[in-house]
Amino acid sequence: MEVVLQNLTKKFPSRDRKSRHEVIAVNDFTFQIPDGKLIGLLGPSGCGKSTTLNLISGLEKPTHGRIFFGGDDVTDLPPENRGIGLVFQNYALYPHLTVKQNILFPLQNLKGKDKLSKEAMLEKAMEAAKMVQIDELMDRKPSQLSGGQQQRVAIARALVKMPRVLLLDEPLSNLDARLRLQTREEIRRIQRETGITTIFVTHDQEEAMSISDLIVVMREGVALQIGKPQEVYDSPANLFVAKFLGTPPINLFNGRVKEGRIYIGEDPVLEIKGEEDGEVYVGVRPEGFVPDRKGALCCKLKGIEVMGRDISIVSENPSSLNPTVRAIIGTENKLNLEQEAWGEENEVRFSLIPHKVFLFDRETEERIQFEERGL
Ligand code: ATP
């Protein structure tokens, strides 16, 4: 089911009664969510993710704008008539009901022509339970389940009516790290199997990047960038998006463009063409550094961390906006590291991989596209 958000806006009166300012939780959001895709709504706390989801579900009414499900305008429909499945962070299961009764609950409320026989309901409940692999726990109460199992019951309950759209609001936040990983893979599998258009809200960029077909990065109610996770990572539209995506985060420096060169401090790190001279921010992804004795960027070595397959060089640079500069060196450059990197005592030198380097306008913080010289 394609979902279309058209100029969606939600304003709340301020929570501070003395203030007359409104909070614009969602600001003129237009987006066409393709049928059968999993969309990650991503952004820091308070950016409007949950409000967007609540508008799609019908729990909130927009101040302006319309919402369409497969061409039908659902803006004025109550949540129960929209054909949605909802899963929240706190599983919200009925504690006095068994797993089976919890999953059956939405089916028992069907009325009129949608009403199902007892056998049909049981069959559907079993099907949903199997999908999330809790069919052996059907007679337990929620208190007898782990957090991960409870969240799976909540997902089965949302799936049992085969919703047109599945809405997940931080569904993994209450799970420990390993379960989170496992459950997110399961959500992805279930979404692929069912083909239900799914919108997934999270503040965790890694989570969103790993399971989404498309991500929407939000800030202060505005969708800043929409795209495939890798494309947004590789080509951030502005400084905020560049900073928000990636672990470890992007390294940022005060820099400048002068006579066809990008400088970090006094170090000319890249040759470019056609760019005006001026002050900029230079962003370098951690994987954009190559240890190189002849490299232009000179940093002060603070330490080396071995992280399984890769190693991380932690250093300092006076132009860095982060306390340390973090370079991730893959296996292919380890040899290089042993032979090449070290200059004077405690000095480490890098050359930079051009497509891992981004320039941002100091005022607008928008990305400045540049071309390498010699290409
Ligand atoms: P979080 O990750 O912390 O849940 P979020 O990105 O989901 O954050 P929202 O809950 O959508 O953000 O809130 C967006 C903005 O709207 C915030 O500034 C919030 O304080 C405000 N807001 C949300 N609900 C209300 C409300 N009922 N009344 C007033 N302001 C609200």
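For ligands, and for the atoms within them, numbers begin at 1 and follow the listed sequence. Residue numbers run from 1 in the order of the sequence given.
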Participant: Please work out, at 4.0 Å between heavy atoms, whether the side chain, the backbone, both, or neither of T51 comes within that distance of ligand 1.
Facilitator: both
Participant: Should we count CD of E80 as having more than 12 external heavy atoms under 6.0 Å?
Facilitator: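 Correct, the count exceeds 12.
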Participant: List the closest protein heavy-atom neighbour of atom 25 (C) of ligand 1: residue, atom name, distance to the nearest 0.1 Å.
Facilitator: R15 NH2, 3.2 Å
Participant: Judged on heavy-atom distance to atom 2 (O) of ligand 1, which of K10, E22, H203, K49 sits nearest?
Facilitator: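 Closest candidate by heavy-atom distance is K49.
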Participant: When you measure from atom 23 (C) of ligand 1 to every protein heavy atom, which one gives the shortest distance, and what is it?
Facilitator: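 Atom 23 (C) of ligand 1 sits closest to the protein heavy atom F12 CE1, 3.5 Å.
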Participant: Would you please classify the geometry between the Y94 ring and the H96 ring as parallel, tilted or perpendicular, with 30° and 60° separating the classes?
Facilitator: perpendicular
Participant: Take a 6.0 Å sphere around NZ of K118 and say whether it holds more than 12 heavy atoms from other residues, nucleotides or ligands.
Facilitator: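 No.
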Participant: In terms of atom number and element, which parts of ligand 1 are under 4.0 angstrom from non-hydrogen atoms of P13?
Facilitator: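 Counting from 1, the qualifying ligand atoms are 29 (C).
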Participant: Measure the distance from atom 16 (O) of ligand 1 to every protein heavy atom, then report the residue, atom name and distance (to 0.1 Å) of the closest one.
Facilitator: A25 CB, 3.3 Å
Participant: Is there any N or O on T52 that sits under 3.5 Å from an N or O of ligand 1?
Facilitator: no
Participant: Nearest non-hydrogen contact with atom 17 (C) of ligand 1 belongs to which option: S50, G48, G46?
Facilitator: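 Of the listed residues, G46 has the closest heavy atom.
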Participant: Relative to the heavy atoms of P44, which atoms of ligand 1 are at a distance of less than 4.0 Å?
Facilitator: 6 (O)
Participant: Tell me: protein heavy atom nearest atom 18 (O) of ligand 1, and distance?
Facilitator: V23 CG1, 3.7 Å
Participant: Above 12 or not: heavy atoms from other molecules or residues under 6.0 Å from NZ of K356?
Facilitator: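 Yes, the 6.0 Å shell around NZ holds more than 12 heavy atoms from other groups.
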Participant: Consider only side-chain N and O atoms of T98 and Q101, and report whether a donor and an acceptor are under 3.5 Å apart.
Facilitator: yes
Participant: What's the spacing between K300 NZ and E316 CD if we round to 0.5 Å?
Facilitator: 5.5 Å
Participant: Are side-chain N/O atoms of S235 and R367 paired as donor and acceptor at under 3.5 Å?
Facilitator: yes
Participant: Out of R256, K258, R362, which one pairs with E279 under the salt bridge (Lys or Arg N to Asp or Glu O under 4.0 Å) rule?
Facilitator: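 Only match with E279 under salt bridge (Lys or Arg N to Asp or Glu O under 4.0 Å): R362.
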Participant: Is the shortest N/O to N/O distance between S45 and ligand 1 below 3.5 Å?
Facilitator: yes
